[in-house]
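Report on the structure given below.
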Amino acid sequence: MKKIVFVCLGNICRSPMAEFVMKGLTDQLIVESRATSSWEHGNPIHKGTRDILQHYQIPYDSHKHSRQINLEIAEEFDYIIGMDSQNIIDLKKMLPTRLHAKIYPFAETSVPDPWYTGDFEETYRMVTAGCLAWKNRLL
């Protein structure tokens, strides 16, 4: 089974949203999420992300906490998917060159961070479309 990890800055908004949307779309992939930064390490999913997942009746693990990507996860997973262009840049700085072929952008356009924009609905729409595209690409 293919393994994918979605990555955003803090692992409290976009990447966990993508993780749980994708898990709701298929059980034929192993899906996790991580952060590039340690700023939010250990913090729970943002309330806005929890609210939008609840609104669309997408189950999520209420005990989920932010975790940073590391070499072990990068080596274990087949696809490392950055939610925006800065995440891609950061991942390439953080990980050895031999793993760069595993790093992909989530979509053609960056997914805005709702922590800054406050627009969790826009993020949800983009995440849902992107997850459907990745599902179709991988399965």
Side-chain angles (χ1 to χ4, degrees):
M1 200 176 309
K2 292 177 184 167
K3 298 173 122 183
I4 65 173
V5 59
F6 295 110
V7 183
C8 68
L9 179 63
N11 190 223
I12 62 169
C13 296
R14 294 169 295 168
S15 62
M17 187 184 295
E19 174 185 350
F20 294 113
V21 167
M22 184 63 90
K23 285 179 176 178
L25 294 174
T26 183
D27 61 358
Q28 297 177 15
L29 297 167
I30 295 171
V31 183
E32 291 190 16
S33 64
R34 294 289 192 277
T36 56
S37 165
S38 62
W39 297 348
E40 297 288 348
H41 183 73
N43 287 337
I45 294 173
H46 190 284
K47 181 184 181 324
T49 297
R50 288 192 316 263
D51 290 349
I52 204 86
L53 292 172
Q54 289 171 354
H55 177 78
Y56 288 101
Q57 300 178 350
I58 298 168
Y60 65 94
D61 178 354
S62 60
H63 298 287
K64 166 88 169 86
H65 294 326
S66 175
R67 297 175 289 175
Q68 189 174 18
I69 193 156
N70 58 36
L71 184 57
E72 180 182 344
I73 291 294
E75 288 176 333
E76 177 184 345
F77 280 72
D78 302 304
Y79 295 86
I80 303 165
I81 303 170
M83 301 303 291
D84 67 29
S85 57
Q86 187 61 53
N87 301 148
I88 299 295
I89 291 166
D90 293 342
L91 284 164
K92 288 182 176 179
K93 287 179 184 175
M94 296 171 73
L95 300 174
T97 305
R98 64 184 167 79
L99 298 177
H100 288 190
K102 293 182 171 191
I103 300 171
Y104 296 87
F106 180 75
E108 288 184 22
T109 58
S110 291
V111 178
D113 189 339
W115 193 90
Y116 296 105
T117 69
D119 194 343
F120 285 85
E121 185 66 40
E122 174 194 29
T123 301
Y124 175 78
R125 285 191 304 270
M126 293 180 79
V127 163
T128 300
C131 284
L132 284 169
W134 274 101
K135 177 186 170 203
N136 292 336
R137 178 178 179 175
L138 298 176
L139 300 178

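Quick caveat, the model's predicted, so the values are computed rather than measured.
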- Message: Please check this pair: side chain of His100 against backbone of Lys92, looking for a donor-acceptor N/O pair closer than 3.5 Å.
- Response: yes
- Pair listing, salt bridge (Lys or Arg N to Asp or Glu O under 4.0 Å) test, anchored in residues 20-41, at least two apart: Glu19-Lys23, Glu32-Arg34
- Value for OG1 (Thr123) from CD1 (Ile52), rounded to nearest 0.5 Å, stands at 8.5 Å
- Message: Under the side-chain contact (heavy atoms from CB on, under 4.5 Å) test against Pro16, which residue among Ile45, Val127, Leu53 passes?
- Response: Ile45
- Item | Sequence-distant partners of Thr117, side-chain contact (heavy atoms from CB on, under 4.5 Å), two or more places apart | Pro112, Pro114, Asp119
- Taking side chain to side chain donor-acceptor pair (under 3.5 Å) as the test, write out the residues that go with Asp51, two or more places apart. Lys47
- Side chain of Ser15, backbone of Ser33: donor and acceptor closer than 3.5 Å? no
- Message: Could you see if Val5 belongs to whatever hydrophobic cluster contains Tyr104? Use Ile, Leu, Val, Met, Phe, Trp, Tyr and a side-chain cutoff under 4.5 Å.
- Response: no
- Item | Residue pairs fulfilling ring pair (Phe, Tyr, Trp, His ring centres under 6.0 Å) with at least one residue in residues 16-44, sequence neighbours excluded | none
- Message: Count I, L, V, M, F, W, Y as connected when their side-chain heavy atoms are under 4.5 Å apart, and connections chain through other members. Are Leu29 and Ile80 then in the same cluster?
- Response: no
- Starting at CG of Leu99, measure out to CD1 of Ile69 and round the result to the nearest 0.5 Å. 9.0 Å
- Hey, could you give me the CE/CE distance between Met126 and Met17, rounded to the nearest 0.5 Å? 11.5 Å
- Item | Partners passing side-chain contact (heavy atoms from CB on, under 4.5 Å) against His55 (at least two apart in sequence or in another chain) | none
- Note on the structure: Value for CZ (Arg50) from SG (Cys13), rounded to nearest 0.5 Å, stands at 10.5 Å
- Message: I'd like to know if Met83 and Ile88 are part of one continuous hydrophobic network [Ile/Leu/Val/Met/Phe/Trp/Tyr, side-chain heavy atoms within less than 4.5 Å].
- Response: no
- Task: Taking the side chain as every heavy atom from C-beta outward, state whether Met94 and Thr36 have any pair of such atoms under 4.5 Å apart.
- Result: yes
- Without swapping roles, check the side chain of Ser110 against the backbone of Ser85 for a donor-acceptor pair under 3.5 Å. yes
Could you give the side-chain donor-acceptor pairs of residues 132-139 under 3.5 Å, partners two or more places apart or in another chain?
{"residue": "Trp134", "atom": "NE1", "partner": "Phe106", "partner atom": "O", "Å": "2.8"}
{"residue": "Asn136", "atom": "ND2", "partner": "Leu132", "partner atom": "O", "Å": "3.3"}

- Query: Do you know which two heavy atoms are closest between Ile12 and Ser66, and how far apart they sit?
  - Reply: CG2-CB, 4.0 Å
- Message: For the SG atom of Cys131 and the CD1 atom of Ile81, what is their distance to the nearest 0.5 Å?
- Response: 8.0 Å
- Item | Which atom of Val7 lies closest to which atom of Asn87, heavy atoms considered | O-OD1, 3.4 Å
- Message: Filter on salt bridge (Lys or Arg N to Asp or Glu O under 4.0 Å), then keep only pairs touching residues 108-117, sequence neighbours left out; what's left?
- Response: Arg14-Asp113
- Query: With side chains defined as the heavy atoms from C-beta onward, is the minimum distance between Val111 and Asp84 less than 4.5 Å?
  - Reply: no
- Note on the structure: Rounded to the nearest 0.5 Å, the CD atom of Gln86 sits from the CD1 atom of Ile89 at a distance of 4.5 Å
- What residues, two or more places apart in sequence or in another chain, satisfy side chain to side chain donor-acceptor pair (under 3.5 Å) together with Tyr56? Glu121
- With a 4.5 Å limit on heavy-atom distance, are the side chains of Asn11 and Gln68 in contact? no
Output side-chain donor-acceptor pairs under 3.5 Å for residues 71-79, partner residues at least two apart or in another chain, one line each.
{"residue": "Glu75", "atom": "OE2", "partner": "Arg98", "partner atom": "NH1", "Å": "3.1"}
{"residue": "Glu75", "atom": "OE2", "partner": "Arg98", "partner atom": "NH2", "Å": "2.6"}
{"residue": "Glu76", "atom": "OE2", "partner": "Lys3", "partner atom": "NZ", "Å": "2.4"}
{"residue": "Asp78", "atom": "OD2", "partner": "Lys3", "partner atom": "N", "Å": "2.8"}

